[in-house]
Amino acid sequence: MNRRHLLLASAGLLSGCKILDEGTGRNVLASANGLSYRAQRFLGGGTALAPEYSMSDIRQSQHPNGVTNPEDLDYQALAAGDFADYRLSITGLVENPISFTRQQLINMPSRTQITRHDCVEGWSCIAKWTGVPLSLVLNQARPQISARFAVFKCFDTIEKSLSGGIKYYESIDLIDAYHPQTILAYGVNDQALPVANGAPLRLRVERQLGYKMAKYVHTIELTDRLPGNGGYWEDNGYDWYAGI
Ligand SMILES: Nc1nc2c(c(=O)[nH]1)N[C@H]1C(S)=C(S)[C@@H](COP(=O)(O)O)O[C@H]1N2
Ligand SMILES: [Mo]
């Protein structure tokens with residue numbers, strides 16, 4: 001058992017599972033054990049869709065988890081100005097490094113989907129997410145042939161230390177980056193995305209667990225290799241491919 005499976009098991013045993021939407025804790029546990037990255041790629045190909053739900057399945061607002069209000073000063077300044085000065089930057093292995101304001105992202109074609117968020121800690125939430133398909137954003141930056149991964153850099157310091165701390169980051173491969181349900185969300189349940197859930201912009205990558213869905217994203221770097229183990233939690237023992 002790796003640490004993630006231990007965590008899943010202990011979340012269930014110790015807290016009786018903080019399950020917000022029924023019946024998912026076990027699924028998460030089973031799928032985390034049974035489906036490897038290769039298996040899901042082989043079985044589902046690049047295009048299998050995560051289940052989508054209806055409005056009546058939404059039972060509560062999206063449960064905030066992890067960092068819910070970044071203390072970082074650059075973030076606080078942007079939030080104070082309602083993110084008018086926010087820019088999303090696309091960097092790395094692209095022909096056309098480019099940045100977008102929040103309004104530019106909102107003006108692009110959007111996608112809305114009602115999906116279930118499964119956290120490794122044993123709770124789930126169904127919510128309606130609205131955002132711009134990541135594929136449209138990446139196309140404007142024109143990925144180079146050698147690009148294999150999208151790395152998401154976040155504003156929040158997830159772990160403080162004397163040397164300044166560690167910022168949250170995550171990564172996915174370009175198959176997931178170009179998946180039709182992979183969006184950069186700026187809205188949830190018909191409201192502007194709250195700070196608690198990652199304002200102004202957070203990733204939704206619906207075939208994977210919650211920790212993959214980077215909140216407070218300011219930069220997406222295309223790379224040909226993963227930095228570290230590919231994410232903050234991966235650097236602490238979680239699987240990089242968190243298939244559901
Ligand atoms: N930047 C950032 N992204 C993050 C986290 C975080 O702490 N910081 N936590 C992750 C985890 S473990 C989960 S379950 C979800 C929680 O998203 P929510 O607050 O919208 O429910 O965000 C993920 N993305
Ligand atoms: Mo999570």
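As the structure lists them, so they are numbered: ligands from 1, and atoms in each ligand from 1.
At a heavy-atom distance under 4.0 Å, only side-chain atoms of I158, from C-beta outward, approach ligand 1. With a 4.0 Å cut-off on non-hydrogen atoms, C125 does not touch ligand 1 at all. Contacts between H63 and ligand 1 below 4.0 angstrom, taking non-hydrogen atoms only, involve the backbone exclusively. Under 4.0 angstrom from ligand 1, the non-hydrogen atoms of Y216 all belong to its side chain.
If you check which protein heavy atom lies closest to atom 22 (O) of ligand 1, you get R202 NH2, 3.4 Å. Among protein heavy atoms, atom 3 (N) of ligand 1 sits closest to K215 N, 2.9 Å. Scanning all protein heavy atoms for the shortest distance to atom 23 (C) of ligand 1 gives G210 O, 3.2 Å.
Proximity of K212 to ligand 1 is not established, as no heavy-atom distance is less than 4.0 Å. Ligand 1 is approached by P64 to a heavy-atom distance shorter than 4.0 Å. Residue W123 places a heavy atom under 4.0 Å from ligand 1. The closest approach between a heavy atom of H117 and any atom of ligand 1 is below 4.0 Å.
Q140 contributes no side-chain N or O that, together with a main-chain N or O of I98, makes up a donor-acceptor pair within less than 3.5 Å. With hydrogens and angles ignored, the 3.5 Å screen pairs no side-chain donor or acceptor of K215 with any backbone N or O of P200. A donor-acceptor pair is defined here as one N or O able to donate and one able to accept, closer than 3.5 Å; no such pair exists between the side chain of T157 and the backbone of G165. Proximity of a side-chain donor or acceptor of R116 to a complementary backbone N or O of E206 within less than 3.5 Å is not detected. Side-chain atoms of E95 never come within 3.5 Å of backbone atoms of Q144 as a donor-acceptor pair (strictly under, hydrogens ignored). Between the side chain of N189 and the backbone N or O of A127, no donor-acceptor pair lies under 3.5 Å.
Taking every non-hydrogen atom of C119 and a distance limit under 4.0 Å, the qualifying atoms of ligand 1 come out as 14 (S). Taking a cut-off of under 4.0 Å to the non-hydrogen atoms of G66, the atoms of ligand 1 that pass are 7 (O). For ligand 1, the atoms sitting less than 4.0 Å from at least one non-hydrogen atom of A196 are 19 (O), numbered in the order shown with element in parentheses. Heavy-atom proximity to C154, at under 4.0 Å, picks out these atoms of ligand 1: 1 (N).
Taking the six-membered ring for Trp and thresholds of 30 and 60 degrees, Y232 and Y168 have ring planes inclined between 30 and 60 degrees apart.
The one candidate from Y169, Y75, F83 that meets the ring pair (Phe, Tyr, Trp, His ring centres under 6.0 Å) condition with F155 is Y75.
Here atom 9 (N) of ligand 1 lies nearest to Y168 when heavy atoms of Y211, F152, W129, Y168 are compared. In this structure, of D156, V188, N197, L203, the residue bringing a heavy atom nearest to atom 18 (P) of ligand 1 is N197.
Geometrically, ligand 1 and M213 share a nitrogen or oxygen pair separated by less than 3.5 Å. For ligand 1, the polar-atom distance check against V67 finds a nitrogen or oxygen pair separated by under 3.5 Å. When only interatomic distances are considered, the shortest N/O to N/O separation between Q62 and ligand 1 falls below 3.5 Å.
Between K128 and D190 there is a salt bridge, since at least one side-chain N of the basic residue sits less than 4.0 Å from a carboxylate O of the acidic one. Between D176 and K212 there is no salt bridge, since no side-chain N of the basic residue sits under 4.0 Å from a carboxylate O of the acidic one. Note on R202 versus E170: no salt bridge recorded, every NZ/NE/NH1/NH2 to OD/OE distance being 4.0 Å or above.
The six-membered or imidazole ring of H117 lies away from that of W129, with a centre-to-centre distance of 6.0 Å or more.
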